[in-house]
Peer 1: 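The structure under discussion is supplied below as C-alpha coordinates; questions concerning it will follow.
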Amino acid sequence: VGGVFHLLATQASTPLMVPQKHLGRVAGANQVLSGALNITAPALGALLLGVMPVQGVLLIDAASALLAVIPLCFISIPQPPRRAPASAQPGAVPASLGSEMREGLRAVWRWPGLRAVIFMAMLSNFMTIPAMSFMPLLVTRHFGGGVMEVGWMSAVEGLGLLGGGLLLGAWGGFNRRILTILPAVILMGCGLILLGLAPARLFPLGLAGNLIFCFMRPIIDGSLFAMLQSVVPSEKQGRVLSIILSGSAASSLLGLLIAGPLVDATSLPLWFLLAGLVSAAVGASGFLIPAVLTIESQPIPEA
(Lines give C-alpha, C1' and ligand atoms only; values in the text may rest on other atoms or scores of the structure.)
Protein backbone atom coordinates (compact mmCIF):
# COMPACT_ATOMS: atom_id res chain seq x y z
CA VAL A 1 0.00 0.00 0.00
CA GLY A 2 2.82 2.37 0.87
CA GLY A 3 4.46 1.72 -2.48
CA VAL A 4 1.23 2.54 -4.32
CA PHE A 5 0.77 5.81 -2.43
CA HIS A 6 4.41 6.69 -3.10
CA LEU A 7 3.98 6.03 -6.82
CA LEU A 8 0.78 8.08 -7.02
CA ALA A 9 2.27 11.00 -5.12
CA THR A 10 5.45 10.98 -7.19
CA GLN A 11 3.71 10.77 -10.55
CA ALA A 12 1.15 13.45 -9.62
CA SER A 13 3.82 15.85 -8.30
CA THR A 14 6.32 15.46 -11.15
CA PRO A 15 4.53 17.69 -13.72
CA LEU A 16 4.34 20.48 -11.12
CA MET A 17 8.15 20.55 -10.95
CA VAL A 18 9.30 19.43 -14.42
CA PRO A 19 8.65 21.25 -17.73
CA GLN A 20 6.41 19.24 -20.04
CA LYS A 21 9.11 18.87 -22.69
CA HIS A 22 11.32 17.02 -20.20
CA LEU A 23 8.66 14.69 -18.75
CA GLY A 24 9.72 11.82 -21.03
CA ARG A 25 13.38 12.12 -20.01
CA VAL A 26 12.49 12.25 -16.32
CA ALA A 27 10.27 9.19 -16.75
CA GLY A 28 13.17 7.41 -18.45
CA ALA A 29 15.50 8.31 -15.58
CA ASN A 30 12.95 6.93 -13.10
CA GLN A 31 12.78 3.70 -15.09
CA VAL A 32 16.59 3.43 -15.04
CA LEU A 33 16.64 3.84 -11.25
CA SER A 34 13.87 1.29 -10.86
CA GLY A 35 15.67 -1.21 -13.09
CA ALA A 36 18.97 -0.68 -11.29
CA LEU A 37 17.31 -1.26 -7.92
CA ASN A 38 15.63 -4.43 -9.18
CA ILE A 39 19.06 -5.74 -10.13
CA THR A 40 21.17 -4.63 -7.17
CA ALA A 41 18.68 -4.88 -4.26
CA PRO A 42 18.28 -8.70 -4.25
CA ALA A 43 22.04 -9.26 -4.49
CA LEU A 44 22.77 -6.72 -1.75
CA GLY A 45 20.04 -8.18 0.45
CA ALA A 46 21.47 -11.68 0.05
CA LEU A 47 24.94 -10.37 0.91
CA LEU A 48 23.69 -8.62 4.05
CA LEU A 49 21.76 -11.69 5.19
CA GLY A 50 25.00 -13.64 4.90
CA VAL A 51 26.93 -11.35 7.25
CA MET A 52 24.31 -10.22 9.79
CA PRO A 53 21.03 -11.42 11.36
CA VAL A 54 17.71 -10.54 9.76
CA GLN A 55 17.05 -7.97 12.52
CA GLY A 56 20.08 -6.01 11.37
CA VAL A 57 18.87 -6.07 7.76
CA LEU A 58 15.45 -4.76 8.88
CA LEU A 59 17.16 -1.93 10.79
CA ILE A 60 19.07 -0.99 7.64
CA ASP A 61 15.77 -1.01 5.77
CA ALA A 62 14.19 1.35 8.31
CA ALA A 63 17.26 3.62 8.32
CA SER A 64 17.29 3.87 4.53
CA ALA A 65 13.59 4.76 4.59
CA LEU A 66 14.32 7.56 7.07
CA LEU A 67 17.11 8.86 4.83
CA ALA A 68 14.56 9.11 2.03
CA VAL A 69 11.78 10.69 4.12
CA ILE A 70 13.67 13.23 6.26
CA PRO A 71 14.81 15.46 3.35
CA LEU A 72 11.16 15.81 2.30
CA CYS A 73 10.51 17.66 5.55
CA PHE A 74 12.77 20.48 4.33
CA ILE A 75 11.91 20.50 0.62
CA SER A 76 8.91 22.43 -0.65
CA ILE A 77 6.87 20.30 -3.07
CA PRO A 78 4.29 22.19 -5.17
CA GLN A 79 0.70 21.23 -4.53
CA PRO A 80 -1.94 21.11 -7.27
CA PRO A 81 -4.75 23.66 -6.98
CA ARG A 82 -8.02 22.23 -5.72
CA ARG A 83 -10.92 23.28 -7.90
CA ALA A 84 -14.51 22.89 -6.88
CA PRO A 85 -16.69 20.97 -9.34
CA ALA A 86 -18.70 23.11 -11.74
CA SER A 87 -21.91 21.98 -10.00
CA ALA A 88 -20.70 22.95 -6.54
CA GLN A 89 -22.57 25.78 -4.80
CA PRO A 90 -20.76 28.63 -3.03
CA GLY A 91 -20.03 27.74 0.56
CA ALA A 92 -20.58 24.03 -0.03
CA VAL A 93 -18.87 21.46 2.19
CA PRO A 94 -15.49 20.30 0.74
CA ALA A 95 -15.72 17.14 -1.33
CA SER A 96 -15.14 13.82 0.41
CA LEU A 97 -12.77 11.12 -0.76
CA GLY A 98 -15.66 9.12 -2.18
CA SER A 99 -17.05 12.06 -4.15
CA GLU A 100 -13.60 12.89 -5.52
CA MET A 101 -13.14 9.30 -6.68
CA ARG A 102 -16.55 9.39 -8.36
CA GLU A 103 -15.55 12.63 -10.06
CA GLY A 104 -12.37 10.97 -11.31
CA LEU A 105 -14.33 7.98 -12.64
CA ARG A 106 -16.76 10.27 -14.45
CA ALA A 107 -13.90 12.24 -15.98
CA VAL A 108 -12.23 9.07 -17.24
CA TRP A 109 -15.50 7.64 -18.60
CA ARG A 110 -16.30 10.84 -20.50
CA TRP A 111 -12.87 10.88 -22.16
CA PRO A 112 -13.00 8.25 -24.94
CA GLY A 113 -9.28 8.31 -25.66
CA LEU A 114 -8.25 7.78 -22.05
CA ARG A 115 -10.94 5.14 -21.58
CA ALA A 116 -9.57 3.23 -24.57
CA VAL A 117 -5.96 3.53 -23.35
CA ILE A 118 -6.93 2.17 -19.91
CA PHE A 119 -8.73 -0.78 -21.49
CA MET A 120 -5.74 -1.50 -23.74
CA ALA A 121 -3.36 -1.36 -20.77
CA MET A 122 -5.58 -3.72 -18.76
CA LEU A 123 -5.77 -6.19 -21.63
CA SER A 124 -2.01 -6.13 -22.11
CA ASN A 125 -1.34 -6.55 -18.37
CA PHE A 126 -3.81 -9.44 -18.26
CA MET A 127 -1.45 -11.37 -20.56
CA THR A 128 2.03 -10.01 -19.83
CA ILE A 129 2.09 -10.05 -16.01
CA PRO A 130 1.56 -13.84 -15.85
CA ALA A 131 4.22 -14.25 -18.55
CA MET A 132 6.71 -12.37 -16.37
CA SER A 133 5.84 -14.64 -13.43
CA PHE A 134 6.27 -17.77 -15.58
CA MET A 135 9.73 -16.80 -16.89
CA PRO A 136 11.75 -19.03 -14.47
CA LEU A 137 9.40 -21.94 -15.20
CA LEU A 138 9.85 -21.42 -18.93
CA VAL A 139 13.61 -21.68 -18.47
CA THR A 140 13.52 -24.85 -16.38
CA ARG A 141 10.56 -26.72 -17.91
CA HIS A 142 10.72 -25.73 -21.59
CA PHE A 143 14.39 -24.97 -22.16
CA GLY A 144 15.54 -27.56 -19.61
CA GLY A 145 17.86 -25.09 -17.92
CA GLY A 146 19.11 -24.84 -14.38
CA VAL A 147 20.36 -22.15 -12.02
CA MET A 148 22.84 -20.79 -14.57
CA GLU A 149 20.20 -20.39 -17.28
CA VAL A 150 17.77 -18.74 -14.88
CA GLY A 151 20.57 -16.36 -13.92
CA TRP A 152 21.22 -15.54 -17.57
CA MET A 153 17.54 -14.82 -18.13
CA SER A 154 17.49 -12.52 -15.09
CA ALA A 155 20.63 -10.76 -16.29
CA VAL A 156 19.06 -10.18 -19.71
CA GLU A 157 15.96 -8.80 -17.99
CA GLY A 158 18.03 -6.30 -16.03
CA LEU A 159 20.00 -5.34 -19.13
CA GLY A 160 16.78 -4.73 -21.06
CA LEU A 161 15.20 -2.64 -18.30
CA LEU A 162 18.30 -0.50 -17.95
CA GLY A 163 18.78 -0.13 -21.70
CA GLY A 164 15.18 0.88 -22.32
CA GLY A 165 15.23 3.37 -19.46
CA LEU A 166 18.53 4.89 -20.64
CA LEU A 167 17.20 5.24 -24.17
CA LEU A 168 14.03 6.97 -23.01
CA GLY A 169 15.99 9.17 -20.61
CA ALA A 170 18.35 10.33 -23.36
CA TRP A 171 15.77 10.57 -26.15
CA GLY A 172 12.55 11.43 -24.35
CA GLY A 173 10.35 9.83 -27.00
CA PHE A 174 8.46 11.48 -29.84
CA ASN A 175 6.67 14.76 -29.24
CA ARG A 176 3.41 12.82 -29.53
CA ARG A 177 4.10 10.24 -26.86
CA ILE A 178 1.36 7.92 -28.05
CA LEU A 179 3.53 7.36 -31.14
CA THR A 180 6.27 6.12 -28.82
CA ILE A 181 3.95 3.87 -26.81
CA LEU A 182 2.13 2.01 -29.59
CA PRO A 183 5.20 0.79 -31.57
CA ALA A 184 6.87 -0.19 -28.28
CA VAL A 185 3.82 -2.29 -27.34
CA ILE A 186 3.99 -4.03 -30.72
CA LEU A 187 7.72 -4.75 -30.30
CA MET A 188 7.11 -5.98 -26.75
CA GLY A 189 4.58 -8.41 -28.18
CA CYS A 190 7.13 -9.54 -30.77
CA GLY A 191 9.56 -10.34 -27.95
CA LEU A 192 6.96 -12.50 -26.23
CA ILE A 193 6.11 -14.24 -29.51
CA LEU A 194 9.80 -15.04 -29.94
CA LEU A 195 9.87 -16.52 -26.44
CA GLY A 196 6.81 -18.64 -27.19
CA LEU A 197 8.13 -19.92 -30.52
CA ALA A 198 11.74 -20.56 -29.46
CA PRO A 199 12.51 -24.32 -29.63
CA ALA A 200 13.77 -25.98 -26.45
CA ARG A 201 17.24 -26.39 -27.98
CA LEU A 202 17.58 -22.67 -28.83
CA PHE A 203 17.86 -21.03 -25.43
CA PRO A 204 19.74 -18.00 -26.91
CA LEU A 205 16.65 -17.26 -29.00
CA GLY A 206 14.63 -17.12 -25.79
CA LEU A 207 17.20 -14.73 -24.32
CA ALA A 208 16.80 -12.48 -27.36
CA GLY A 209 13.01 -12.50 -26.99
CA ASN A 210 13.25 -11.61 -23.31
CA LEU A 211 15.71 -8.80 -24.09
CA ILE A 212 13.26 -7.25 -26.56
CA PHE A 213 10.37 -7.70 -24.12
CA CYS A 214 12.20 -6.11 -21.19
CA PHE A 215 13.76 -3.34 -23.29
CA MET A 216 10.31 -2.10 -24.31
CA ARG A 217 8.73 -2.18 -20.85
CA PRO A 218 10.36 0.99 -19.43
CA ILE A 219 9.77 2.83 -22.70
CA ILE A 220 6.05 1.99 -22.52
CA ASP A 221 5.63 2.71 -18.81
CA GLY A 222 7.71 5.89 -18.84
CA SER A 223 6.05 7.29 -21.95
CA LEU A 224 2.57 6.43 -20.66
CA PHE A 225 3.10 8.23 -17.36
CA ALA A 226 4.68 11.20 -19.15
CA MET A 227 1.71 11.39 -21.52
CA LEU A 228 -0.80 11.29 -18.67
CA GLN A 229 1.15 13.93 -16.77
CA SER A 230 1.04 16.23 -19.78
CA VAL A 231 -2.66 15.88 -20.65
CA VAL A 232 -4.46 15.36 -17.32
CA PRO A 233 -4.98 18.52 -15.25
CA SER A 234 -2.75 18.52 -12.18
CA GLU A 235 -5.65 18.63 -9.71
CA LYS A 236 -7.07 15.41 -11.20
CA GLN A 237 -3.91 13.43 -11.76
CA GLY A 238 -3.97 11.59 -8.44
CA ARG A 239 -7.53 10.39 -9.06
CA VAL A 240 -6.93 9.42 -12.69
CA LEU A 241 -3.66 7.62 -11.94
CA SER A 242 -5.25 5.74 -9.04
CA ILE A 243 -8.00 4.50 -11.37
CA ILE A 244 -5.43 3.38 -13.96
CA LEU A 245 -3.27 1.58 -11.37
CA SER A 246 -6.33 -0.06 -9.82
CA GLY A 247 -7.49 -1.32 -13.21
CA SER A 248 -4.03 -2.62 -14.05
CA ALA A 249 -3.74 -4.40 -10.71
CA ALA A 250 -7.19 -5.99 -11.10
CA SER A 251 -6.44 -7.22 -14.62
CA SER A 252 -3.05 -8.57 -13.53
CA LEU A 253 -4.62 -10.51 -10.66
CA LEU A 254 -7.32 -11.92 -12.92
CA GLY A 255 -4.68 -12.91 -15.47
CA LEU A 256 -2.66 -14.77 -12.84
CA LEU A 257 -5.77 -16.62 -11.63
CA ILE A 258 -6.65 -17.75 -15.14
CA ALA A 259 -3.14 -18.34 -16.50
CA GLY A 260 -2.12 -20.93 -13.90
CA PRO A 261 -4.79 -23.56 -14.64
CA LEU A 262 -4.62 -22.81 -18.37
CA VAL A 263 -0.86 -23.36 -18.50
CA ASP A 264 -1.22 -26.61 -16.55
CA ALA A 265 -3.76 -27.80 -19.10
CA THR A 266 -1.76 -26.69 -22.16
CA SER A 267 1.86 -25.48 -22.15
CA LEU A 268 4.01 -22.58 -21.03
CA PRO A 269 5.15 -21.53 -24.53
CA LEU A 270 1.52 -21.26 -25.62
CA TRP A 271 0.80 -18.59 -23.00
CA PHE A 272 3.87 -16.58 -24.09
CA LEU A 273 2.76 -16.86 -27.71
CA LEU A 274 -0.78 -15.73 -26.88
CA ALA A 275 0.52 -12.90 -24.69
CA GLY A 276 2.71 -11.70 -27.53
CA LEU A 277 -0.08 -11.86 -30.09
CA VAL A 278 -2.48 -9.98 -27.80
CA SER A 279 0.11 -7.28 -27.01
CA ALA A 280 1.01 -6.81 -30.67
CA ALA A 281 -2.70 -6.61 -31.55
CA VAL A 282 -3.28 -4.05 -28.77
CA GLY A 283 -0.47 -1.84 -30.08
CA ALA A 284 -1.61 -2.14 -33.69
CA SER A 285 -5.25 -1.43 -32.82
CA GLY A 286 -4.24 1.88 -31.27
CA PHE A 287 -3.32 3.18 -34.72
CA LEU A 288 -6.88 2.41 -35.87
CA ILE A 289 -8.66 4.28 -33.04
CA PRO A 290 -8.78 8.06 -33.68
CA ALA A 291 -9.56 8.82 -30.04
CA VAL A 292 -6.31 7.11 -29.00
CA LEU A 293 -4.14 8.75 -31.65
CA THR A 294 -5.45 12.22 -30.74
CA ILE A 295 -5.55 11.75 -26.95
CA GLU A 296 -2.84 14.35 -26.36
CA SER A 297 -4.75 17.07 -28.21
CA GLN A 298 -8.04 16.50 -26.40
CA PRO A 299 -8.57 18.23 -23.04
CA ILE A 300 -10.08 16.10 -20.33
CA PRO A 301 -13.85 16.65 -20.11
CA GLU A 302 -15.33 18.29 -17.05
CA ALA A 303 -16.75 15.78 -14.57
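The figures here come from the full heavy-atom set of this structure, side chains too, leaving out hydrogens, waters and symmetry mates. All figures in this text were calculated on a predicted structure; none of them were measured in a lab.
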Peer 1: Short question: side chain of Ser251, backbone of Met122 - any donor-acceptor pair under 3.5 Å?
Peer 2: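 Side chain of Ser251 to backbone of Met122, a donor-acceptor pair under 3.5 Å: yes, one is there.
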Peer 1: Quick one: does Leu161's side chain get under 4.5 Å of Glu157's, heavy atoms only?
Peer 2: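 SC-SC contact between Leu161 and Glu157 confirmed.
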Peer 1: Taking all non-hydrogen atoms of both residues, which atom of Leu268 and which atom of Leu138 are closest, and how far apart?
Peer 2: CD1-N, 3.7 Å
Peer 1: Under the side chain to side chain contact (heavy atoms under 4.5 Å, CB included) criterion, do Leu137 and Val263 qualify, and how do the steps go?
Peer 2: CA-CA 11 Å; Leu137 291 177; Val263 164; over 6 Å; no
Peer 1: Give, for atom CG of Leu211 and atom CE of Met153, the distance between the pair rounded to the nearest 0.5 Å.
Peer 2: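 It is 10.5 Å, given to the nearest 0.5 Å.
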Peer 1: Once you round to the nearest 0.5 Å, how far does CG of Leu187 lie from CD1 of Ile212?
Peer 2: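 Interatomic distance, Leu187 CG to Ile212 CD1, rounded to 0.5 Å: 7.5 Å.
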Peer 1: Quick one: closest heavy-atom pair of Met120 and Val282, and the distance?
Peer 2: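 Answer, listing the atom of Met120 first, then Val282: CE-O, 3.2 Å.
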Peer 1: Output the distance between atom CD (Gln55) and atom CD1 (Ile60), rounded to the nearest 0.5 Å.
Peer 2: 12.0 Å
Peer 1: If every non-hydrogen atom of Thr180 is compared with every non-hydrogen atom of Ser223, which pair is closest and at what distance?
Peer 2: CG2-OG, 3.5 Å
Peer 1: First locate atom SG of Cys214, then atom CG of Leu159, and finally report the distance between them rounded to the nearest 0.5 Å.
Peer 2: 9.5 Å
Peer 1: Side chain to side chain contact (heavy atoms under 4.5 Å, CB included) for Leu293 and Leu179? Distances and angles first, verdict last.
Peer 2: CA-CA 8 Å; Leu293 284 178; Leu179 297 182; 4.2 Å; yes
Peer 1: According to a hydrophobic-cluster definition based on side-chain heavy atoms being under 4.5 Å apart (Ile, Leu, Val, Met, Phe, Trp, Tyr only), do Met135 and Met148 belong together?
Peer 2: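 Yes, Met135 and Met148 fall within the same hydrophobic cluster.
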Peer 1: Sequence neighbours left out, what pairs pass side chain to side chain donor-acceptor pair (under 3.5 Å) with at least one residue falling in residues 256-268?
Peer 2: none
Peer 1: Distance-only, no hydrogens or angles: does the Glu296 side chain make a donor-acceptor pair with backbone N or O of Arg177 under 3.5 Å?
Peer 2: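 Yes, the answer is positive, given that a donor and an acceptor are paired below the 3.5 Å cut-off.
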Peer 1: Which pairs count as ring-ring contact (aromatic ring centres under 6.0 Å, His included) when at least one residue sits in residues 166-222, sequence neighbours excluded?
Peer 2: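 Every ring-ring contact (aromatic ring centres under 6.0 Å, His included) pair that includes a residue of residues 166-222, provided the two are not neighbours, is Phe143-Phe203, Trp171-Phe174.
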Peer 1: Identify whether Ile193 and Ile220 are in the same connected component of the hydrophobic contact network (ILVMFWY, side-chain heavy atoms under 4.5 Å).
Peer 2: no
Peer 1: Between atom CG of Asn125 and atom CG of Leu253, what is the distance when rounded to the nearest 0.5 Å?
Peer 2: 12.0 Å
Peer 1: Check Pro130 against Ala259 and note the closest heavy-atom contact, atom names and distance.
Peer 2: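 Shortest heavy-atom contact: CB-CB, 3.6 Å.
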Peer 1: Check the orientation of Phe126 and Trp271. Use parallel for under 30°, tilted for 30 to 60°, and perpendicular for over 60°.
Peer 2: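 The rings of Phe126 and Trp271 sit tilted, inter-plane angle from 30° to 60°.
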Peer 1: If every non-hydrogen atom of Leu192 is compared with every non-hydrogen atom of Ala131, which pair is closest and at what distance?
Peer 2: CD2-CB, 4.2 Å
Peer 1: Just how far is it from atom CG of Leu274 to atom OG of Ser279, taken to the nearest 0.5 Å?
Peer 2: 10.5 Å
Peer 1: Where do Ser252 and Ile129 come nearest, in terms of heavy atoms and distance?
Peer 2: OG-CG1, 3.3 Å
